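Take a look at the structure set out below.
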Amino acid sequence: SAQSQLLAAKRAVEAGAGALNVDAVLSGERLVAAHNSTHRLRSGGFPTFACGDLSACTPKDLEKELSPSCQYIKHYYLESGIPSSALASLKFCNPQPLNFVEEFLEQFPKTPIIFDMKSETVAMQRKAVKLLHNMLETSFPDRPSNLTTLRVFVPLHSLLEMFDNTRHWDWPRFNLALGVPKLESTLRTDAWEVLPRLSAAALKHVAAVFVTPRQLEERPKQLLIRQLEEKEELPVVCDLGLHE
């Protein structure tokens, strides 16, 4: 089933997944689960939202949006060159309505969730982070902070500004994931650039590091990854969607 949907998350947990990764885009005062502001999934081959851009959608617009069916998604991946054997476990599903971040928090109160904040500008990402923090404070006060992690897609200097003057993480309701090795130059946060500039106190609030398949093959990165995992107890996640 498609990514960033409740149906996909439920099926993943039923299949044994120990955590979820959900894309989140700002639409007005709500956080919509979608790959980016114009497409529910990766843009190539998938329909755009009927209202064009989620930042301009009204609540009524959002109610009308439906995802492609799982069969549509399977056909797209087959056309992209992914072997059918890799898609054998893809189950049937009808088109799904849009889901919102609070629905994932409601449905999975004990499951770790990494939210990829995919709003298009730094200002919108800042607003989205604040919105999620306030949501957790007011609506989900009993959710442990270590169960919610954010990966923000902003330049290095903007990411470091999210720490206070002593470089401590300034948002107590969630932790931070690092690593967007390749994206538009204005929205890039390479974990290898960020980690050396974080204090020991700030590093304690980093919950995961995302790397590309190629980085896993680089000897210097392999040594650093091993050190992170063994000494800092910091999990390293290979993101197959990242390309250099």
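Below, each value reflects all heavy atoms present in this structure, side chains not excepted, and no hydrogens, waters or symmetry copies. Everything numeric here is computed off the predicted structure, so don't read it as measured data.
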**Report entry** Side-chain donor or acceptor of E103 paired with backbone N/O of F100 under 3.5 Å
**Finding:** yes
Query raised in the report: Given side chains that start at C-beta, do those of R151 and D116 come closer than 4.5 Å, heavy atoms only?
Result: yes
Query raised in the report: Minimum heavy-atom separation for Q71 to C93, with atom names?
Result: OE1-O, 3.4 Å
**Report entry** Close side-chain approach of L105 and F115, heavy atoms under 4.5 Å
**Finding:** yes
Query - side chain to side chain donor-acceptor pair (under 3.5 Å) involving T111 - partner list, sequence neighbours excluded - result: none
Query raised in the report: Within a strict 4.5 Å, meaning less than it, do heavy atoms of the F49 and D61 side chains meet?
Result: no
Query - Euclidean distance, L7 CG relative to R11 CZ, rounded to 0.5 Å - result: 4.0 Å
Query raised in the report: To the nearest 0.5 Å, what is the distance between CG (L26) and CE (M124)?
Result: 4.5 Å
**Report entry** V22 with F108, same ILVMFWY side-chain cluster at under 4.5 Å
**Finding:** yes
Query raised in the report: Taking only residues two or more places apart in sequence, or in another chain, which ones meet D53 in a side chain to side chain contact (heavy atoms under 4.5 Å, CB included)?
Result: S37, T38, S55
Query raised in the report: What residues form a side chain to side chain contact (heavy atoms under 4.5 Å, CB included) with P95, not counting sequence neighbours?
Result: L66, S69
Query raised in the report: Does P97 reach the side chain of E63, with side-chain heavy atoms less than 4.5 Å apart?
Result: no
Query raised in the report: Do the side chain of R173 and the main chain of F140 share a donor and acceptor less than 3.5 angstrom apart?
Result: yes
Report task. First locate atom CE of M117, then atom CG of L131, and finally report the distance between them rounded to the nearest 0.5 Å. Result -> 7.5 Å
Requested in this report: Return the minimal non-hydrogen interatomic distance between A128 and L31, and the atom names on each side.
Outcome: CB-CD2, 3.7 Å
Query raised in the report: Which pairs pass side-chain hydrogen bond (donor to acceptor under 3.5 Å, both in side chains) with one or both residues in residues 139-150, sequence neighbours excluded?
Result: R143-T148
Report summary line: Closest non-hydrogen contact found for A33 with L98 is O-CD2, 4.2 Å
Query raised in the report: Can you tell me how far CD of E65 sits from SG of C51, rounded to the nearest 0.5 angstrom?
Result: 5.5 Å
Report summary line: For L62 and C57 the tightest heavy-atom approach is CD2-CB, 3.7 Å
**Report entry** salt bridge (charged side-chain N to carboxylate O under 4.0 Å, His left out) contacts in which one or both residues fall within residues 24-33, not counting sequence neighbours
**Finding:** E29-K127, R30-E102
Requested in this report: Just jot down the side chain to side chain contact (heavy atoms under 4.5 Å, CB included) partners of A19, sequence neighbours excluded, or say none.
Outcome: P112
Query raised in the report: When rounded to the nearest 0.5 angstrom, what is the spacing between CD1 in I114 and CG in L176?
Result: 10.5 Å
Requested in this report: Could you check if a side-chain atom of L87 sits within less than 4.5 angstrom of a side-chain atom of L78, using non-hydrogen atoms only?
Outcome: yes
Query - Any residue meeting salt bridge (charged side-chain N to carboxylate O under 4.0 Å, His left out) with E106, in chain and number order, not counting sequence neighbours - result: none
Query raised in the report: So, does N99 use its side chain to make a donor-acceptor pair with the main chain of Q5 at under 3.5 Å?
Result: no
Query raised in the report: Going only through I, L, V, M, F, W and Y residues with side-chain contacts under 4.5 Å, is there a path from L147 to I113?
Result: no
**Report entry** Heavy-atom closest pair, residues V101 and A24
**Finding:** CG2-CB, 3.8 Å
Report summary line: Nearest heavy-atom contact between N21 and F210 is OD1-CE2, 4.3 Å
**Report entry** Which residues share a side chain to side chain contact (heavy atoms under 4.5 Å, CB included) with P83, sequence neighbours left out
**Finding:** S85, A86
